There are 4 protein chains.
Amino acid sequence: MKKDKPKYKLIIDAAVVVIAENGYHHAQVSKIAKQAGVADGTIYLYFKNKEDILISLFEEKMGQFVQKIRKKMADTEDAVEQLKVLVESHFQMLADDHHLAIVTQLELRQSNKDIRMRINKVLKEYLVLVDDVLQNGVETGVLSEDLDIRLARQMVFGTIDEVATSWVINDQKYSITELSPGVHRLLVKGLCK
Amino acid sequence: MKKDKPKYKLIIDAAVVVIAENGYHHAQVSKIAKQAGVADGTIYLYFKNKEDILISLFEEKMGQFVQKIRKKMADTEDAVEQLKVLVESHFQMLADDHHLAIVTQLELRQSNKDIRMRINKVLKEYLVLVDDVLQNGVETGVLSEDLDIRLARQMVFGTIDEVATSWVINDQKYSITELSPGVHRLLVKGLCK
Amino acid sequence: MKKDKPKYKLIIDAAVVVIAENGYHHAQVSKIAKQAGVADGTIYLYFKNKEDILISLFEEKMGQFVQKIRKKMADTEDAVEQLKVLVESHFQMLADDHHLAIVTQLELRQSNKDIRMRINKVLKEYLVLVDDVLQNGVETGVLSEDLDIRLARQMVFGTIDEVATSWVINDQKYSITELSPGVHRLLVKGLCK
Amino acid sequence: MKKDKPKYKLIIDAAVVVIAENGYHHAQVSKIAKQAGVADGTIYLYFKNKEDILISLFEEKMGQFVQKIRKKMADTEDAVEQLKVLVESHFQMLADDHHLAIVTQLELRQSNKDIRMRINKVLKEYLVLVDDVLQNGVETGVLSEDLDIRLARQMVFGTIDEVATSWVINDQKYSITELSPGVHRLLVKGLCK
DNA sequence: TATGAATGAGACTTCATTCAT
DNA sequence: GATGAATGAAGTCTCATTCAT
């Protein structure tokens, strides 16, 4: 399995750094190779093409992420509480890796439609996770019984994503983790009193 | 004033069509010129360069948009009602121009950081509009008194944007305007019952 | 005769200023028109094309120049003295019109081979003038009897031209007219004592 | 060192041929690449941009030239004799490479001011060489003791350059090397007998 | 496995010139 | 005669990918 060879991860991590520091459009394959300490051609022994690096990057990082959250959420069965864990974990992950935060919130979005479609496929796992929480909430009666799950999920994801993006655009200069209680409260209770 | 000359709008509208149909990265200046029915060089009598077309496009369309909403919102002073108008109008605008929807929700986001920064400046006007509604709501007591305006605005915008993007990704095959009551309700009341 | 109409000279003088201030490659027809206070299209009522402006410019200015020198040289029949007048007059003309000096010594030389060939044709008149002086000098016995007229002319012209060009490149910051005695002496006596 | 790789010189020599045969303004990079037998992109592995080719070309060829002359001039200490070597060598170099003669005497002079400034820097070395000869001549008493070195150098260079340019303009149809005694005699003794 | 020199397609922009008014 | 908006051809350079070593 290629993914287990040491250079696979080496190249992906190099890609994160190079994209974060140079921006998506200046992240040439040769720069990634240099950062990883391998020859340009070596990249193509592990990845089909440049797109493949980006998608693998997202798969690798996002996959870990979903697994982590699922584990953490296992501690409770209360959907509201699970949502809290979700928001906290999401923000925590971004806060833990500043480079990755830049890459996922800003740079990777400049990729072309093709790549973005395939990234969305990876994202689906995360969205299913959200759906599960919401579904659970409706079934256990802690969330509104006539909740439109799809819309609700879009609110949850859209809100978390926008808060995260704003934080990155503002150079991550405040603590995003401290925002989770406020975000959680807004999602659960809405704008009204 | 160049913006008042007929070809200015002609070219911008051509750009919307070409970008929507070919994607951001395949929207060559020559294609836009052809679609507008002018010579390549004519573009440069009205725009400094290709970037300038894109930014002007966004300014022109978004500017109109903010003005329209402000006018509609003038009918009521109730923040909750104003929010409803906001969501409805936003979705309506996207539904009214399928090409523009693709361009603003998908294609323009692939532009480089420079352009995106300048697009964000235009977007700010819209965000200020949201802030005004929320501020009004807090002051008149219809919204939660301890609302974090910035977070709340990020929820409102993030949700609307995510709903819109999903709709475009799914080829606009359902009615987005019919979603406004649900979105509005979610924003105001949250996920709980 | 087009050359007698007021706008003909107006445009040529505008061209001198524009080329001197912007350099040959940035001297667009539209700039020349603006400087002359006429419309772009008007240029083409007086000149066949852009080349024609440049060649006419040279003809006009250089023609006057040769006539002036011939007149001044008529005062004496001594070739050595005539050569002195030649050098002095040449330098004086350049000192009198700083813009023209830049144009003839630096900018016009960047024109393509075609234009330069035609400029050389105009220059020929000047070279014939030099030949006449030298021929006269040989015949009257004041110059070396076995002088190779062509080579001698190339030395005279090459020297004057190089001194002038160096002066322009150094921003005309010293007096070129004061150099004429030295140049004259060098040409006549050579480097030896 | 890039300059030592075989393709570096290959491309420079191709540039000389292409510029000589097509003229400066029609010497596209693609033509140079074709002449050199490499891909367009390969050019940019060895040169920063098109300007860089031209400047390198001049540096390379002119650098060799100055070294050659210095070596030849080492045989004698007599300034008059050294001057003879200088003129002969200069003409010999041009006669040896007809393409290069066209490029340096005619085509490269059409380059823009930027390039010409940098070419002048290379040329300076040559001018210093001339200055050294003249200085030596004055100090050893073979040249006029009150010689203005700068003016004298301008006469030497201006004369050589003008003779060379005329020869190239006339399609190199006579032998330029045979002119060196005449030119040398003129420079040393002047026009008088 | 690993290397890295070489490849070559593809698009933005300028500006001399025209011609309907 | 005068205008100036419109035209459209043409060239530099980047960078993902390959393949001989």
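Residue numbers begin at 1 in each chain, while the letters A, B, ... track the order of the sequences. Quick caveat: nothing in here was measured; it's all calculated off a predicted structure.
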Gap between atoms NZ and C1', on C:K31 and E:dT14 respectively (whole Å): 12 Å
Touch class at under 4.0 angstrom, heavy-atom based, for B:K34 against every strand present: nothing
Secondary structure of DNA chain E in dot-bracket form (Watson-Crick or G-U wobble, distances below 3.5 Å, | marking inter-strand pairs): .||||||||||||||||||||
Closest-nucleotide ordering on DNA chain F, the 5'-leading residue of C:G37 and B:A39: C:G37
Pairs meeting criterion salt bridge (charged side-chain N to carboxylate O under 4.0 Å, His left out) with involvement of residues 24-41 of chain A, two or more places apart: none
Listed partners of C:K50 passing side-chain hydrogen bond (donor to acceptor under 3.5 Å, both in side chains), at least two apart: none
Side-chain touch D:N112/D:E51, heavy atoms, less than 4.5 angstrom: yes
Nearest-Å distance for atom pair CG/P, residues B:N22 and E:dG10: 15 Å
side-chain hydrogen bond (donor to acceptor under 3.5 Å, both in side chains) against A:D52, all qualifying residues, sequence neighbours excluded: A:S56
Contacts of B:R116 that satisfy side-chain contact (heavy atoms from CB on, under 4.5 Å) - sequence neighbours left out: A:L106, A:Q110, B:S111, B:K113
Non-neighbouring partners of D:E21 that pass side-chain hydrogen bond (donor to acceptor under 3.5 Å, both in side chains), sequence neighbours left out: D:H99
Distance in angstrom units between B:L10 CG and F:dA6 C1', rounded: 13 Å
Residues in side-chain contact (heavy atoms from CB on, under 4.5 Å) contact with A:Q105, at least two apart in sequence or another chain: A:L94, A:R109, A:D161, A:A164, A:T165, A:V168
Rounded distance in Å - CG (B:D52) to P (E:dC12): 14 Å
Length of the line joining B:I43:CD1 and E:dC15:C1', which is rounded to integer Å: 16 Å
side-chain hydrogen bond (donor to acceptor under 3.5 Å, both in side chains) partners of B:K61, counting only residues at least two apart: B:D13
C:K7 vs F:dA2: side-chain N/O to OP1/OP2 distance below 4.0 Å: yes
Per-nucleotide protein contact string for nucleotides 14-21 of chain F, where B marks a base within reach and S marks sugar-phosphate only (heavy atoms under 4.0 Å, - for neither): BSSBB---
Note: B:K121-B:E59 ion pair, threshold 4.0 Å (strictly below): no
C:F47 CZ to F:dG1 C1', straight-line distance once rounded to whole Å: 16 Å
